[in-house]
Trainee: 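Can you read through this structure? Questions will come right after.
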Amino acid sequence: MRGLREYDFAAGIHLYRYKEQNILLDVNTGAIHLLDELAYHLVEKLAVLQGDGERALAELEAEFPAEEIAEAAQEIEDAWRNGSLFSEFAVPVVELSRLSVKALCLNMAHSCNMKCSYCFASQGNFGLRPALMSLETAKAALDFLLEQSGERQNLEVDFFGGEPLLVFPVIKDLVAYARERERKTGKRFSFTLTTNCLLLDEEVQEFVIDHKIGVIMSLDGRKETHDRHRLLNNGQGSYELVLPKIREMLAKEPISYYVRGTFTRDNLDFSEDLRHMLELGFTCVSLEPAVGADNPLAISRDDLPRVLKEYDRLTDILLEYRESGQSIHFFHYNLDLQKGPCLAKRVTGCGAGIEYLVVTPEGDLYPCHQFVGEARFYMGNVENGEIDYAVRRVFEENQLVNKECRNCWARYFCGGGCHAGAYFQGDISKPHAVSCTMHKKRIEGAIYLDLLKHLPPR
């Protein structure tokens, strides 16, 4: 195994145990290897001894038969030679200035009919004056997207807030306008609606179905969890009001959906909230940690030991349901390990500030919803159709190659993490450490579940 002495094992591979499996990820190719105990120890020693193969083999002689050691060494060397292990380390650089805008998040309302205690958006107004988007501004935003989309044919719009259904008539008229513009431009719009469900009545549900709109509906899990923080304006819990709306919506079979929950320091047993959602029959679910630099409910470093153990329990629940024949789509575990994200996302993450922008009710542009109201990240207004490219360049240059993430084994699964999470921690180029730790744990669980698909039933 000569030639590995200069290899950067920490950046090039990730070797870990997950329950009964020994798993090895080749970071640069994405190849995943399932190892027996001998092969695991051999790779472990190669990493510790910085590629000194002779010494690694010698140190195994007291534990394993010589013939088995030689066989394991040959298999590892074959994987190395065929390019699926110890592959060459090279973080790509992408010319992001050539990418055009493909998606807008329309903050239809800087207002809300709830007052969730963990809300990063200051109960819906993002720390700005309350406002509702007019149809004129919404149309200007759609025209802006068409103008900025270049050669892209498929464009995305998310109705967001606050609570976007506070201006449902504007949403209806905007979708009709979009269909007109499709006929004239040859481009296609897909829409999603993110809602707290209080206004998700029969008319809205039928509109969602008729216009093939994806829907993201908020439910935090168990009644006591949901009602602790997802409060009506009178201070009462909202579980009993929103659950029937979600069930009614799903009975109509929308083109796509997620039931999205938030977990906080108050429910570090959040796997039980996932179980509750699955028991309700929801098969496309998401549980996100509360965010915000000054949010006392956000997950902290002190919470991580419990959170990481809880992700193990969550993984067990997902496996339990899969083994019972039920297909569950848990957002953070949908990694598509065979294909993975496009190159741009592999090196920058979500595309905020480049391919994706948010529009306020007044038409102001920001890189994403978490940057709304941050003067430094104001990017222009849809009325004049111009983008502040100085701000855009901050995101174009915030690539893996320029960040400490370039040496992290999880780099291609997150592209360096959330720009906003990093910025509000103090430096947009340095990842939010707590979020990184959680995401690495989720990746390990997702890889484990994917591997089990290819093994004989237990």
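Side chains are part of it too, since the values below use all heavy atoms of this structure and drop only hydrogens, waters and symmetry mates.
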Trainee: Quiz question: by atom type and distance under 3.5 Å, do the side chains of Ser149 and Lys102 form a donor-acceptor pair?
Mentor: no
Trainee: Is there a donor-acceptor pair under 3.5 Å between the side chain of Gln370 and the backbone N or O of Gly421?
Mentor: no
Trainee: Determine, stepwise, if the pair Ile216 / Leu193 fulfils side chain to side chain contact (heavy atoms under 4.5 Å, CB included).
Mentor: CA-CA 6 Å; Ile216 300 169; Leu193 168 68; over 6 Å; no
Trainee: Which of these, Thr262, Thr225, Asp273, sits in a side-chain hydrogen bond (donor to acceptor under 3.5 Å, both in side chains) with Asn267?
Mentor: Asp273
Trainee: Would Tyr333 and Thr315 count as having a side-chain donor-acceptor pair, cut-off 3.5 Å?
Mentor: yes
Trainee: Quick one, Leu314 with Arg442, criterion side chain to side chain contact (heavy atoms under 4.5 Å, CB included). Give me CA distance, side-chain angles, the key distance, then yes/no.
Mentor: CA-CA 10 Å; Leu314 184 149; Arg442 293 191 293 257; over 6 Å; no
Trainee: Between Glu310 and Arg313, is there a side-chain N and carboxylate O pair less than 4.0 Å apart?
Mentor: yes
Trainee: Dump the intermediate steps for side chain to side chain contact (heavy atoms under 4.5 Å, CB included) on Ile23 and Leu15, then the final yes or no.
Mentor: CA-CA 6 Å; Ile23 300 170; Leu15 179 70; over 6 Å; no
Trainee: Per the salt bridge (charged side-chain N to carboxylate O under 4.0 Å, His left out) rule, what does the pair list look like for residues 142-157, sequence neighbours excluded?
Mentor: Asp143-Arg181, Arg152-Glu355
Trainee: Without swapping roles, check the side chain of Gln399 against the backbone of Glu396 for a donor-acceptor pair under 3.5 Å.
Mentor: yes
Trainee: Evaluate salt bridge (Lys or Arg N to Asp or Glu O under 4.0 Å) for Arg275 paired with Asp316, printing each intermediate quantity in order.
Mentor: CA-CA 11 Å; Arg275 184 183 292 279; Asp316 287 341; over 6 Å; no
Trainee: Compare all side-chain heavy atoms of Phe64 with those of Leu57 and state whether any distance is below 4.5 angstrom.
Mentor: no
Trainee: Kindly say whether Arg55 contributes a backbone atom to a donor-acceptor pair with the side chain of Asp52 at under 3.5 angstrom?
Mentor: yes
Trainee: Using the rule given for side chain to side chain contact (heavy atoms under 4.5 Å, CB included), can you reason through Ile299 versus Val307, listing the C-alpha separation, both sets of side-chain angles and the distance that settles it, and then say yes or no?
Mentor: CA-CA 9 Å; Ile299 303 303; Val307 169; 3.9 Å; yes
Trainee: I'd like to check Leu452 versus Leu319 (side-chain heavy atoms, cut-off strictly below 4.5 Å). Are they in contact?
Mentor: yes
Trainee: Before giving the answer on side-chain hydrogen bond (donor to acceptor under 3.5 Å, both in side chains), spell out for Asn107 and Thr360 the whole-Å C-alpha distance, their side-chain angles and the decisive distance to 0.1 Å.
Mentor: CA-CA 5 Å; Asn107 278 11; Thr360 71; over 6 Å; no
Trainee: Assign the ring pair His14 / Tyr16 to parallel, tilted or perpendicular, where the plane angle (0 to 90°) is split at 30° and 60°.
Mentor: parallel
Trainee: Under 30°, 30 to 60°, or over 60°: which ring-plane class applies to Phe189 and Phe191, parallel, tilted or perpendicular?
Mentor: parallel
Trainee: For Asp312 and Tyr18, run side-chain hydrogen bond (donor to acceptor under 3.5 Å, both in side chains): C-alpha distance rounded to whole Å, both residues' side-chain angles, the deciding distance at 0.1 Å, then the answer.
Mentor: CA-CA 9 Å; Asp312 284 334; Tyr18 204 101; 2.8 Å; yes
Trainee: A side-chain contact here means heavy atoms from C-beta on lying under 4.5 Å apart; do Arg411 and Asn28 qualify?
Mentor: yes
Trainee: With the threshold set at 4.0 Å, does a side-chain nitrogen-carboxylate oxygen contact exist between Lys403 and Glu397?
Mentor: no
Trainee: Please examine the side chains of Arg322 and Lys453, heavy atoms only from C-beta on, and report whether any two atoms are closer than 4.5 Å.
Mentor: yes
Trainee: Would you call the rings of Phe263 and Phe270 parallel, tilted or perpendicular, taking 30° and 60° as the class edges?
Mentor: parallel
Trainee: Among residues at least two apart in sequence or on other chains, which ones pass side-chain hydrogen bond (donor to acceptor under 3.5 Å, both in side chains) with Tyr118?
Mentor: Asp220, Arg230
Trainee: Centroid separation under 6.0 Å, is that true for the rings of Phe282 and Tyr258?
Mentor: no
Trainee: Find the distance between CZ (Arg393) and CG (Asp388) and round it off to the nearest 0.5 Å.
Mentor: 8.0 Å
Trainee: Enumerate donor-acceptor pairs with a distance under 3.5 Å from any side-chain N or O in residues 83-93 to protein atoms, sequence neighbours excluded.
Mentor:
{"unit_1": "Ser84", "atom_1": "OG", "unit_2": "Ala79", "atom_2": "O", "d": "3.3"}
{"unit_1": "Ser84", "atom_1": "OG", "unit_2": "Asn82", "atom_2": "OD1", "d": "2.9"}
{"unit_1": "Ser87", "atom_1": "OG", "unit_2": "Asp26", "atom_2": "OD1", "d": "3.4"}
{"unit_1": "Ser87", "atom_1": "OG", "unit_2": "Asp26", "atom_2": "OD2", "d": "2.5"}

Trainee: Give a yes-or-no answer on whether the side chains of Tyr257 and Thr192 include a donor-acceptor pair shorter than 3.5 Å.
Mentor: no
Trainee: Among pairs that include at least one residue of residues 256-266, which meet salt bridge (charged side-chain N to carboxylate O under 4.0 Å, His left out), considering only residues two or more places apart or in two chains?
Mentor: Arg265-Asp303
Trainee: Do you see a donor-acceptor pair shorter than 3.5 Å between the side chains of Asn398 and His419?
Mentor: yes
Trainee: Ser327 and Tyr321: side-chain donor and acceptor closer than 3.5 Å?
Mentor: no
Trainee: Quick one: closest heavy-atom pair of Lys187 and Gly150, and the distance?
Mentor: NZ-O, 2.8 Å
Trainee: Report yes if the side chains of Ile171 and Pro164 come closer than 4.5 Å at any heavy-atom pair, otherwise no.
Mentor: yes
Trainee: Answer with yes or no whether the side chains of Glu163 and Thr195 bring together a donor and an acceptor at under 3.5 Å.
Mentor: yes
Trainee: Can you tell me if Glu59 uses its side chain to pair, donor with acceptor, with the backbone of Leu42 under 3.5 Å?
Mentor: no
Trainee: Between Asn381 and Gly363 (side chain of the first, backbone of the second, donor and acceptor by atom type, cut-off under 3.5 Å), is there such a pair?
Mentor: yes
Trainee: Would you say the side chains of Glu288 and His332 form a donor-acceptor pair under 3.5 Å?
Mentor: yes
Trainee: Please tell me if the side chains of Val358 and Asp158 come closer than 4.5 Å, counting only heavy atoms from C-beta onward.
Mentor: no
Trainee: Can a donor-acceptor pair be found between the side chains of Lys252 and Gln205 at a distance below 3.5 Å?
Mentor: yes
Trainee: Do Ile13 and Leu25 have side chains that approach each other closer than 4.5 Å (heavy atoms only, starting at C-beta)?
Mentor: no
Trainee: Go through Arg17 and Asn22 one step at a time and tell me if the side-chain hydrogen bond (donor to acceptor under 3.5 Å, both in side chains) criterion holds.
Mentor: CA-CA 5 Å; Arg17 298 183 190 272; Asn22 300 324; 2.8 Å; yes
Trainee: Enumerate the residue pairs fulfilling salt bridge (charged side-chain N to carboxylate O under 4.0 Å, His left out) with a member in residues 421-433, sequence neighbours excluded, ordered by first and then second residue.
Mentor: none
Trainee: Quick one: do Glu444 and Lys440 make a salt bridge, cutoff under 4.0 Å?
Mentor: no
Trainee: Once the angle between the rings of His369 and Phe120 is folded into 0 to 90°, is it parallel (under 30°), tilted (30 to 60°) or perpendicular (over 60°)?
Mentor: tilted
Trainee: Taking side chain as C-beta onward, heavy atoms only, is Tyr356 less than 4.5 Å from Val101?
Mentor: no
Trainee: About how many Å separate OH of Tyr448 and CG of Asp450, when rounded to the nearest 0.5 Å?
Mentor: 12.5 Å
Trainee: I'd like to know whether Gln21 forms a side-chain hydrogen bond (donor to acceptor under 3.5 Å, both in side chains) with Tyr40, so could you lay out the CA-CA distance, the side-chain angles of the two residues, the decisive distance to 0.1 Å, and finally the verdict.
Mentor: CA-CA 10 Å; Gln21 304 297 344; Tyr40 181 92; over 6 Å; no
Trainee: Can you tell me how far the CG atom of Asp210 sits from the NZ atom of Lys212, to the nearest 0.5 Å?
Mentor: 8.5 Å
Trainee: Excluding sequence neighbours, so at least two apart, what forms salt bridge (charged side-chain N to carboxylate O under 4.0 Å, His left out) with Arg179?
Mentor: Glu182
